[in-house]
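Working notes, structure below.
Any value given below was found using the heavy atoms of this structure, including those in side chains, with hydrogens, waters and symmetry copies removed. Just so it is clear: chains get the letters A, B, ... in the order the sequence lines come, proteins before strands, and each one is counted from 1.
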Amino acid sequence: MLNVEDVKRDFPVLKNRDLIYLDNAATTLTPEPVIQSLQEYYKKLGASVHRGIYQLANETTEEFERARNSIADYIGANSPREIVLTKNCTEGINVIAYSLERWQEKSGKVLVTEMDHHSNILPWRFIANGSKKFQLEYVEVTKEGRLDIEDYKRKLSPETVAVAFPGISNVLGTVNPIKEVTNLAHENDALVILDGAQWLPHRAFDLSEYGVDFLTFSAHKMLGPTGLGVLYGREELLRMMPPPFGGGEMVLNVTRQKVKLTDPPQKFEPGTPPIAQTIAFKAALDYLEKLEVSQIKDHVDNLTQRAVNKLSKIPYIDIYGPKEGEPRGGLVSFNLEGVHSHDLATALDSLDNIAIRAGLHCAQPLHEVLEINSSARVSFYVYNSNEDVDRFIAGVKEVKTILGGENGE
Amino acid sequence: MLNVEDVKRDFPVLKNRDLIYLDNAATTLTPEPVIQSLQEYYKKLGASVHRGIYQLANETTEEFERARNSIADYIGANSPREIVLTKNCTEGINVIAYSLERWQEKSGKVLVTEMDHHSNILPWRFIANGSKKFQLEYVEVTKEGRLDIEDYKRKLSPETVAVAFPGISNVLGTVNPIKEVTNLAHENDALVILDGAQWLPHRAFDLSEYGVDFLTFSAHKMLGPTGLGVLYGREELLRMMPPPFGGGEMVLNVTRQKVKLTDPPQKFEPGTPPIAQTIAFKAALDYLEKLEVSQIKDHVDNLTQRAVNKLSKIPYIDIYGPKEGEPRGGLVSFNLEGVHSHDLATALDSLDNIAIRAGLHCAQPLHEVLEINSSARVSFYVYNSNEDVDRFIAGVKEVKTILGGENGE
Amino acid sequence: MENKPKIYNQDVLHHYQNPHNRGKLDDPDFSATKENPNCGDRISLQLKLSEDEISEVKFDGHGCVLSIGAASILTQMAMGLRVSEASDLTVDDLLNNMGNPGKMRKDCVSLALEVLKEALSQSGG
Amino acid sequence: MENKPKIYNQDVLHHYQNPHNRGKLDDPDFSATKENPNCGDRISLQLKLSEDEISEVKFDGHGCVLSIGAASILTQMAMGLRVSEASDLTVDDLLNNMGNPGKMRKDCVSLALEVLKEALSQSGG
Ligand SMILES: Cc1ncc(COP(=O)(O)O)c(C=O)c1O
Ligand SMILES: Cc1ncc(COP(=O)(O)O)c(C=O)c1O
């Protein structure tokens with residue numbers, strides 16, 4: 001079991017502010033060891049990586065590559081060559097979308113889902129609009145908030161180029177059947193891109209178990225610094241695929257006429273990478289492993305179920321996504337009838353410093369499907385306690401009394 | 001005059017290591033106030049920007065946008081809406097290249113120069129290869145290492161779509177006539193992209209003086225953190241141009257069929273931006289302004305001229321770029337006959353902890369023009385002293401004695 | 001850290017619960033509708049001019065306390081103004097009349113104002 | 001922080017200044033050339049087999065102390081080896097024979113080895 005009080009002590013923001021932070025699906029707070037790592041980097045290292053011949057550059061490069069190794073190990077990649085460092089999860093998806101478009105001989109459909117974050121919709125859409133090669137299609141979401149596997153099977157065919165979907169929906173909390181989706185795609189020779197932004201923070205992920213071709217996630221949603229994302233790609237694919245972006249550090253040889261690229265991952269990392277952030281992300285992963293990922297999952301699951309249970313008992317509330325007791329990934333989105341989600345967020349913040357999210361959560365197509373204009377969302381992490389959930393629930397009830405009963409319709 | 005001893009004290013790496021750091025054109029060391037700013041960010045703030053309704057998100061957003069304002073002011077932009085935050089200088093150039101390709105009706109030549117960094121060559125080349133719209137041409141460099149303005153005028157025509165060039169060459173140190181190049185381009189209705197990576201660190205830059213359409217640079221080359229670059233674009237252009245990359249935080253409205261984008265700069269910043277880095281970059285700019293940019297320029301110029309003078313007196317040395325006394329941007333590249341630049345760098349590091357760069361400096365086409373396989377480069381910044389230059393010179397002489405006289409030819 | 005506001009100023013809450021000038025005009029001179037895509041709030045506004053003055057104004061739509069409250073308050077502020085005067089209204093004017101709710105929700109407040117400006121711009125004013 | 005190496009091991013420097021097996025074979029069985037694009041160093045290598053053994057090997061090219069030194073030392077190491085044995089040589093074997101110069105320059109050292117492997121691969125070995 002996680003000892004939440006111990007964990008909380010590692011997070012300076014929670015000491016410096018009176019705060020119940022329940023917006024973890026957007027970004028997480030930062031623990032001491034990560035802050036420490038950044039500080040050490042800038043105080044003791046700080047040269048550019050790969051090209052320097054002097055000692056400082058060598059040490060910096062070694063720390064940087066050691067961090068890349070840790071990331072590879074964390075997700076069970078075969079090699080650090082499969083780990084491309086990006087600035088956020090979104091960049092990784094864009095890189096794959098552009099690269100696939102140039103590389104794929106096959107032309108046909110790219111499937112995304114109605115529950116995708118804009119970051120896993122718009123890159124594909126921009127590409128599909130600009131090129132005659134790809135057409136975008138949306139796999140539907142059932143009334144219960146699950147991926148509609150029957151609809152997926154109908155839309156999937158040997159003409160499908162790629163399937164992009166989230167491990168966990170950032171609005172519904174739905175935990176998708178990664179293996180099933182992946183196997184079906186592979187039977188149709190379609191590549192699989194998994195948006196792991198909401199999965200990686202609190203669930204173990206082993207590539208050898210799931211077999212996806214690409215995986216993207218963000219460091220800042222799992223205790224790491226801002227400005228860093230990870231793109232995993234199977235090595236043989238990364239070797240064959242052309243990098244969409246050009247720059248320094250990615251070429252073996254450039255004459256005015258020819259370019260010879262380096263091997264992955266450098267091939268996909270033009271320019272100076274986010275060095276300090278990558279090294280500090282290793283500190284975040286070490287911290288998560290120290291807490292134990294399975295413990296983190298249990299803890300987050302408990303908080304989430306507690307929130308679902310208690311919320312369901314409040315009258316006039318709509319909860320989206322999986323039912324009580326069903327698997328759910330660390331978050332709950334809901335609406336209180338007669339109270340706009342924005343008003344709820346403002347009120348909880350004013351009343352008791354409870355930070356929750358309200359709006360569309362960058363998932364507008366899903367809100368269209370749900371036929372709602374916005375929703376409120378709470379999301380949990382290692383430093384949240386049962387008491388945080390209870391104060392949140394008390395807050396919701398209070399807001400209902402103050403603002404409910406009349407709405408702007 | 002800069003008081004170098006005072007300045008040095010602000011840089012922990014220089015206290016923690018016995019080091020003469022002369023690889024500033026690659027990346028610079030980090031001063032206390034920037035480290036402090038990062039630490040404060042992660043200890044006191046740390047929510048996601050723009051979308052949060054609670055107090056923590058509000059404060060984070062305000063700090064973040066305040067930093068964007070500072071960047072705008074630093075380069076004399078009309079508005080923070082002209083400042084797009086990227087992960088490095090390279091990303092900025094890629095964004096512009098992709099966006100122009102989609103937006104420009106005009107098809108024709110893009111001019112780059114033989115002295116460009118790969119980061120200002122390959123993005124254009126990748127685009128030119130993938131599209132029939134753009135053809136790449138190189139403006140030549142004269143024997144003296146200047147941009148060949150006559151060649152430029154010959155290649156420039158109303159069919160020229162864009163001209164991309166560096167303010168200062170990262171190998172030659174040549175200070176290019178930005179205004180002249182820009183005016184000629186504009187007379188031909190060509191857009192101007194200035195690679196400011198080597199200019200911004202030690203020279204004032206005022207957009208209203210130079211009138212370029214786009215400007216890119218990196219925070220990590222001017223005391224800022226890794227993982228941050230800046231792309232400036234004239235507002236009316238950014239408004240019209242389509243963003244090449246999709247994701248969250250950049251849309252007003254997405255239905256399954258339509259997308260309505262936000263205004264710049266958010267339109268070009270899909271996904272969670274490098275928040276902490278942007279805020280810390282403001283601390284770097286404040287620090288530079290405290291030292292005074294004109295003083296920094298004088299100081300760096302003095303060190304550079306001292307190095308050129310003393311190097312020229314060493315027999316069997318080839319120095320590239322501007323002659324003694326001519327304007328030169330903070331760096332000197334050279335070769336010692338009979339000693340490979342890699343050996344020189346290793347030797348200086350071993351003998352006296354002097355960190356210099358050796359190789360191609362991501363500017364291989366230029367090395368082709370110079371007809372050399374590699375070069376050694378020293379580059380200076382605010383914490384370097386005359387003594388650093390002198391120890392470097394003494395080191396070069398010592399290496400010559402140890403390794404010179406026989407070469408691998 | 002600034003002091004937190006009470007959830008909402010009583011006045012704003014009152015306007016939200018009992019909005020003024022809500023509804024539709026039969027024969028408006030100008031009208032406009034806008035949506036805040038971040039939350040789906042939608043306000044439409046109709047107005048009639050008599051000479052150069054706003055003689056009637058009504059709004060309709062759905063939204064949060066601040067957007068509905070702002071719309072209600074704004075219609076009161078706009079009534080009787082000349083087109084040029086109404087066009088000069090700023091978000092700050094509106095915020096002041098609402099007891100300055102936190103900046104985080106500026107977009108909610110400005111929606112009504114944007115709709116008004118759009119309607120006015122059609123009048124060429 | 002590790003201890004800094006002397007600039008170079010005396011032995012390596014000696015090989016650089018007086019390279020062994022430098023030159024060209026008249027009638028090589030296999031040959032290969034590679035360049036390290038980071039610095040322009042270029043090594044070409046030629047070899048003759050007698051049965052399955054390397055009976056003659058020469059290299060030529062230009063480069064730094066480590067790439068030339070490595071090429072010279074490697075040709076000595078390879079002479080007389082079976083194709084399979086030579087194919088099994090690793091950078092670490094080579095580094096060990098060079099007194100382990102710093103890792104920062106591994107690419108300089110590995111160039112000669114890569115050229116050897118490329119030549120050997122043509123033999124089908
Ligand atoms: C002239 C020039 N342009 C572009 C770059 C690329 O900068 P970054 O690696 O931060 O993208 C550099 C730095 O190496 C440079 O010197
Ligand atoms: C499911 C999902 N995908 C992608 C993203 C985008 O992550 P980032 O903003 O770090 O690029 C997010 C986070 O908002 C997310 O929840």
If you tally heavy-atom pairs under 4.5 Å between each of B:Gly130, B:Pro225, B:Cys89 and chain A, the highest tally belongs to B:Pro225
Just so I know, are the side chains of A:Val254 and B:Arg125 near enough to count as touching, which here means a heavy-atom distance under 4.5 Å? yes
Ranking A:Leu19, A:Ile356, A:Ile121 by heavy-atom pairs under 4.5 Å to chain B gives rank one to A:Ile356
Taking the side chain as everything from C-beta on, heavy atoms only, tell me whether A:Tyr21 gets closer than 4.5 Å to B:Leu56. yes
With a 4.5 Å cut-off on heavy-atom pairs, point out which of B:Ala97, B:Ala47, B:Pro244, B:Gly52 contacts chain A the most. B:Pro244
Is it the side chain or the backbone of A:Val95 that comes within 4.5 Å of chain B heavy atoms, both, or neither? neither
Which of B:Ile93, B:Leu122, B:Thr90, B:Asn88 passes side-chain contact (heavy atoms from CB on, under 4.5 Å) with A:Pro270? Answer is B:Thr90
Can you tell if the side chain of A:Tyr54 reaches within under 4.5 Å of the side chain of B:Asp23, non-hydrogen atoms only? yes
Side chain / backbone / both / neither for A:Ile35 at chain B, heavy atoms under 4.5 Å: side chain
Passes side-chain contact (heavy atoms from CB on, under 4.5 Å), B:Phe126 versus A:Arg102? Steps please. CA-CA 11 Å; B:Phe126 286 9; A:Arg102 299 202 165 185; 4.2 Å; yes
Interchain contact, A:Asn120 with chain B, by part (heavy-atom threshold 4.5 Å): neither
Should A:Cys362 and B:Glu249 count as side-chain neighbours, where that means a heavy-atom distance under 4.5 Å? yes
Evaluate the side-chain proximity of A:Asn253 to B:Gln364: yes if any heavy-atom separation is below 4.5 Å, no if none is. yes
Is any side-chain heavy atom of A:Lys44 closer than 4.5 Å to a side-chain heavy atom of B:Val13? no
Let me know if A:Pro273 has heavy atoms under 4.5 Å from chain B in its side chain, its backbone, both or neither. backbone
For each of B:Gly247, B:Pro274, B:Gly271, tally heavy-atom pairs with chain A at distances under 4.5 Å, and name the one with the top tally. B:Gly247
So for A:Thr278, is it side chain, backbone, both, or neither that comes closer than 4.5 Å to the heavy atoms of chain B? neither
So which part of A:Tyr138 gets closer than 4.5 Å to some heavy atom of chain B, the side chain, the backbone, both or neither? side chain
Okay, A:His342 and chain B: the region with an atom under 4.5 Å from a heavy atom over there is both
Among the listed options B:Ala355, B:Ala57, B:Pro365, B:Ala358, the residue most often paired with chain A at heavy-atom distances under 4.5 Å: B:Ala355
Whether over 12 other heavy atoms sit under 6.0 Å from B:Lys15 NZ: yes
Can any side-chain N or O of A:Asn94 pair as donor or acceptor with the backbone N or O of B:Gly246 at less than 3.5 Å? yes
Quick check: do A:Glu368 and B:Thr255 have side-chain heavy atoms less than 4.5 Å from each other? yes
Does B:Tyr42 reach the main-chain N or O of A:Leu29 with its side chain, forming a donor-acceptor pair under 3.5 Å? no
Per-residue tally against chain A (heavy atom, under 4.5 Å) across B:Thr27, B:Ile275, B:Thr346, B:Thr272 peaks at B:Thr272
Test B:Asn353 against A:Gln55 for side-chain hydrogen bond (donor to acceptor under 3.5 Å, both in side chains), laying out the working first. CA-CA 8 Å; B:Asn353 297 311; A:Gln55 188 66 21; over 6 Å; no
Contact origin within A:Leu22 toward chain B - heavy atom pairs under 4.5 Å: neither
Would you please indicate if the ring centroids of B:Phe245 and A:Phe245 are separated by under 6.0 Å? yes
Interatomic distance, CG@B:Asn24 vs OG@A:Ser48, rounded to 0.5 Å, equals 11.5 Å
Donor-acceptor pair, distance only, cut-off 3.5 Å: does the side chain of B:Ser119 make one with the backbone of A:Gly248? yes
Salt bridge present between B:Glu269 and A:Lys87 (N-O < 4.0 angstrom): no
Taking every heavy-atom pair that is under 4.5 Å apart, which of A:Ala276, A:Pro123, A:Gly46, A:Gly229 has the most such pairs with chain B? A:Pro123
At what distance, to the nearest 0.5 angstrom, does CG of B:Asp343 lie from CD1 of A:Ile53? 8.5 Å
Of all of B:Glu32, B:Lys221, B:His367, B:Gln36, which one pairs up most often with chain A through heavy atoms under 4.5 Å apart? B:Glu32
Which answer fits A:Leu45, side chain, backbone, both or neither, if we ask what part of it has an atom under 4.5 Å from a heavy atom of chain B? both
Can a side-chain donor-acceptor contact be found between B:Gln277 and A:Thr226 if the only test is distance below 3.5 angstrom? yes
Under a 4.5 Å heavy-atom cut-off, does chain B meet the side chain of A:Leu85, its backbone, both or neither? backbone
Portion of A:Pro31 that has a non-hydrogen atom of chain B nearer than 4.5 angstrom: neither
Contact class of A:Pro243 relative to chain B, heavy atoms under 4.5 angstrom: both
So for B:Ser218, is it side chain, backbone, both, or neither that comes closer than 4.5 Å to the heavy atoms of chain A? neither
